[in-house]
*Asks:* 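Got a structure here, written out as structure tokens. Questions coming.
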2 protein chains.
Amino acid sequence: MKDFTSTPSPVKHIAEPTVRRLSGYLRFLEAFDAEGHETISSGELARAGGTTSAQVRKDLSFFGSFGKRGLGYGVKDLIASLREILGLDTRWPVVIVGAGKIGAALAQYRGFGTHGFDVVGIYDTDPSRVGTHLNGVTVRADGDLEGDIAALTPRIAVLCVPGEAAQAALDRVVGAGIRAVLNFAPTSLVAPEGVTVRAVNMATELEVLAYALTNESRD
Amino acid sequence: MKDFTSTPSPVKHIAEPTVRRLSGYLRFLEAFDAEGHETISSGELARAGGTTSAQVRKDLSFFGSFGKRGLGYGVKDLIASLREILGLDTRWPVVIVGAGKIGAALAQYRGFGTHGFDVVGIYDTDPSRVGTHLNGVTVRADGDLEGDIAALTPRIAVLCVPGEAAQAALDRVVGAGIRAVLNFAPTSLVAPEGVTVRAVNMATELEVLAYALTNESRD
DNA sequence: GGGTGCTTGTGAAATCCTTCACAAGCTACT
DNA sequence: AGTAGCTTGTGAAGGATTTCACAAGCACCC
Ligand SMILES: NC(=O)c1ccc[n+]([C@@H]2O[C@H](COP(=O)([O-])OP(=O)(O)OC[C@H]3O[C@@H](n4cnc5c(N)ncnc54)[C@H](O)[C@@H]3O)[C@@H](O)[C@H]2O)c1
Ligand SMILES: NC(=O)c1ccc[n+]([C@@H]2O[C@H](COP(=O)([O-])OP(=O)(O)OC[C@H]3O[C@@H](n4cnc5c(N)ncnc54)[C@H](O)[C@@H]3O)[C@@H](O)[C@H]2O)c1
């Protein structure tokens with residue numbers, strides 16, 4: 001054991017790849033649980049997550065001891081622990097900015113809700129879209145954004161506006177108090193310190209694939 | 001200079017994070033070029049890409065010397081070099097499997113085309129969707145998949161089918177010769193050696209944000 | 001033509017992440 | 001109760017990536 005006298009919280013600093021893997025473990029465990037399994041070994045989790053058993057154990061050991069030696073991990077227990085670690089023991093209200101093709105698809109995506117995220121508002125500048133219904137949520141005018149964020153206190157915003165409008169949309173949601181943003185526009189945004197911005201960039205994903213195909217030379 | 005007598009190709013092995021950053025540089029450079037700038041320094045690129053100037057220079061130095069000391073990098077030259085490195089000096093035909101909300105949004109996404117990827121086919125099992133047009137491409141029956149892949153020789157497939165159907169869809173496109181896949185279903189897939197599968201997982205992205213918010217304790 | 005100010009390219013150091021290897025611990029079975 | 005067979009948890013080693021720091025090079029100006 002280390003000398004933890006100066007760190008009251010048990011968590012020091014977890015790298016993003018680790019958090020991504022934890023999320024992957026959680027997703028597989030939910031399916032595994034639905035199949036009726038009671039326990040799982042680090043090796044099985046590793047195969048599902050595309051990593052190694054040692055990596056799985058290391059990842060989990062950052063947060064405590066969840067397994068039983070000789071047996072493995074209790075599936076339900078591990079799900080609960082991972083949910084708590086990831087901050088999913090509460091539901092997260094989310095706003096979507098931009099009700100175009102991608103914004104609408106996301107608003108109607110049920111996977112959001114089953115993972116603890118609730119779309120509480122979706123906003124668009126186009127008057128012809130305002131007032132339409134998407135999966136129970138009504139599209140509202142973008143002028144309502146600040147007031148709604150103050151009232152509904154979502155902590156995450158998803159940006160689905162055109163690239164030219166993305167930085168302005170980010171500035172607005174940040175100004176309204178949002179500190180975590182998922183950006184679908186293919187623009188790199190600058191955010192103030194303390195605001196986490198993650199980008200989902202289709203072009204980058206395809207380019208990584210193109211690179212892999214171009215350089216598939218060896219083993 | 002190193003001793004390269006045993007490596008005919010100048011590229012040894014580039015980590016995926018590096019490729020991702022290169023893709024980001026390229027995207028910013030295209031916008032920077034459109035604004036009429038002639039040159040850019042590693043520091044400017046770093047700020048846009050959320051990294052450091054040393055990182056930018058290291059990333060580029062894997063592939064050669066593209067800059068001029070005291071001046072920076074020629075924007076157009078660097079764009080051309082990055083395109084070649086990433087394998088974007090040719091166009092990539094792509095097939096989409098699943099013409100639902102996400103598949104349709106992607107098929108109509110113009111950003112695909114402007115980055116060198118052409119949607120040459122989109123497939124669905126639902127007879128009511130087959131025959132509809134999306135951005136100039138007609139939805140075809142999923143039975144046409146193998147024949148079309150043989151005829152059109154796309155090398156990348158994008159999976160937009162429900163989670164239960166994703167592994168089967170992967171197996172089919174791989175069987176038909178595809179070796180690079182972008183998966184939107186929230187399922188972890190197993191692919192044979194030599195096939196690159198990348199997953200875009202909304203739940204994971206949001207969970208990383210939730211984790212960041214939950215542990216936003218320290219800078 | 002020499003000096004000044006910037007910026008690149010790159011070894012070396014530092015940091016971060018992954019893999020290895022094994023003692024410790026649990027269960028089940030004889 | 002003792003033993004056999006797995007599987008976890010974790011220091012230590014190993015690799016990989018990032019950061020540091022600085023010499024070398026170019027342009028512009030006086
Ligand atoms: N369609 C895709 O598959 C896809 C894929 C990846 C990324 N993207 C990106 O996602 C973004 C949206 O794409 P899309 O295909 O949904 O485009 P879209 O044109 O269908 O939708 C954009 C919507 O944003 C609205 N809008 C514009 N400015 C706004 C503002 N300031 N505030 C609120 N709403 C605003 C528009 O009225 C429109 O309804 C783009 O940046 C695009 O590059 C799209
Ligand atoms: N909608 C979103 O915003 C969103 C976001 C992230 C991930 N996803 C994932 O993307 C996938 C598709 O989501 P969606 O919202 O577009 O669902 P959807 O139901 O609108 O579309 C799925 C489509 O796939 C077709 N399909 C089913 N089996 C098929 C097969 N074997 N071959 C070809 N086509 C087949 C269906 O007919 C349907 O048209 C799902 O796995 C979902 O979890 C969706």
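Chain naming here is simple, since letters A, B, ... match the order of the sequence lines and numbering starts at 1 in each. Remember, it's a predicted structure, so these values are computed and weren't measured experimentally.
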*Asks:* Distance check needed: C:dT10 P versus B:Phe62 CZ, whole Å only.
*Replies:*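 These atoms are roughly 11 Å apart.
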
*Asks:* Quickly work out the A:Phe66 CZ to D:dG9 P distance and round it to whole Å.
*Replies:*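 Interatomic distance, CZ of A:Phe66 to P of D:dG9: 9 Å.
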
*Asks:* Can you find a side chain N or O atom of B:Ser61 that sits less than 4.0 Å from OP1 or OP2 on C:dG9?
*Replies:*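 For C:dG9, neither OP1 nor OP2 has a side-chain N or O of B:Ser61 closer than 4.0 Å.
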
*Asks:* Among D:dA27, D:dC22, D:dA23, find the nucleotide with the atom closest to the side chain of B:Arg57.
*Replies:*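 Nearest nucleotide to the side chain: D:dC22.
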
*Asks:* Between the base of D:dG9 and the side chain of A:Lys68, is one N or O donor paired with an acceptor at under 3.5 angstrom?
*Replies:* no

*Asks:* Look at the side-chain N and O atoms of A:Arg69 and state whether any lies under 4.0 Å from the OP1 or OP2 oxygen of C:dC22.
*Replies:*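 Checking A:Arg69 against C:dC22: no side-chain N or O falls below 4.0 Å of OP1 or OP2.
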
*Asks:* Would you say a side-chain N or O of A:Ser42 is under 4.0 Å from OP1 or OP2 of D:dT8?
*Replies:*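 Yes.
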
*Asks:* A:Leu22 has an atom CG; how far is it from atom P of C:dC17, in whole Å?
*Replies:*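 Rounded to whole Å, this separation is 13 Å.
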
*Asks:* Walk me through it: do A:Leu159 and A:Leu189 pass the test side chain to side chain contact (heavy atoms under 4.5 Å, CB included)?
*Replies:* CA-CA 11 Å; A:Leu159 304 184; A:Leu189 304 178; 4.0 Å; yes

*Asks:* Of the nucleotides D:dT18, D:dA12, D:dG25, which one has an atom closest to the side chain of A:Lys58?
*Replies:* D:dA12

*Asks:* Report the distance from atom CG of B:Asp77 to atom P of C:dT8, rounded to the nearest whole Å.
*Replies:*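 These atoms are roughly 14 Å apart.
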
*Asks:* Let me spell it out: for each of A:Leu71 and A:Glu16, pick the nucleotide of DNA chain C with the closest heavy atom. Which residue's pick is nearer the 5' end?
*Replies:* A:Glu16

*Asks:* In terms of side-chain heavy atoms of B:Thr52, which of D:dT19, D:dT8, D:dT17 is nearest?
*Replies:* D:dT19

*Asks:* Does the side chain of B:Asn201 come under 3.5 Å of the side chain of B:Glu205 through a donor N or O and an acceptor N or O?
*Replies:*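 Result is no, nothing qualifies.
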
*Asks:* Over how many whole Å does the gap from A:Phe63 atom CZ to D:dT8 atom P extend?
*Replies:* 18 Å

*Asks:* Does the plane of the ring in B:Phe32 sit parallel, tilted or perpendicular to the ring in B:His37? Use 30° and 60° as the thresholds.
*Replies:* parallel

*Asks:* Find the distance B:Glu44:CD to C:dC6:P and express it as a whole number of Å.
*Replies:*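 One finds 14 Å between P of C:dC6 and CD of B:Glu44, rounded.
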
*Asks:* Within the pair B:Arg21 and D:dT17, is there a side-chain N or O less than 4.0 Å away from OP1 or OP2?
*Replies:*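 Answer no for this pair, as no side-chain N or O of B:Arg21 is under 4.0 Å from OP1 or OP2.
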
*Asks:* Side chains of B:Arg110 and B:Thr114 only: does a donor on one sit below 3.5 Å from an acceptor on the other?
*Replies:* no

*Asks:* Hey, does the side chain of B:Gln55 come within less than 4.0 Å of D:dT19's phosphate (OP1/OP2), counting only N and O?
*Replies:*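 Answer yes for this pair, as a side-chain N or O of B:Gln55 is under 4.0 Å from OP1 or OP2.
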
*Asks:* Atom CZ of A:Arg20 and atom P of C:dC16: how far apart are they, to the nearest Å?
*Replies:*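 Rounding to the nearest Å, CZ of A:Arg20 and P of C:dC16 are 20 Å apart.
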
*Asks:* Taking only N and O in the side chain of A:Tyr73, is any of them less than 4.0 Å away from OP1 or OP2 of C:dC26?
*Replies:*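 Answer is no, no contact under 4.0 Å.
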
*Asks:* Under 3.5 Å, is there a donor-acceptor pair between the A:Ser42 and A:Arg57 side chains?
*Replies:* yes

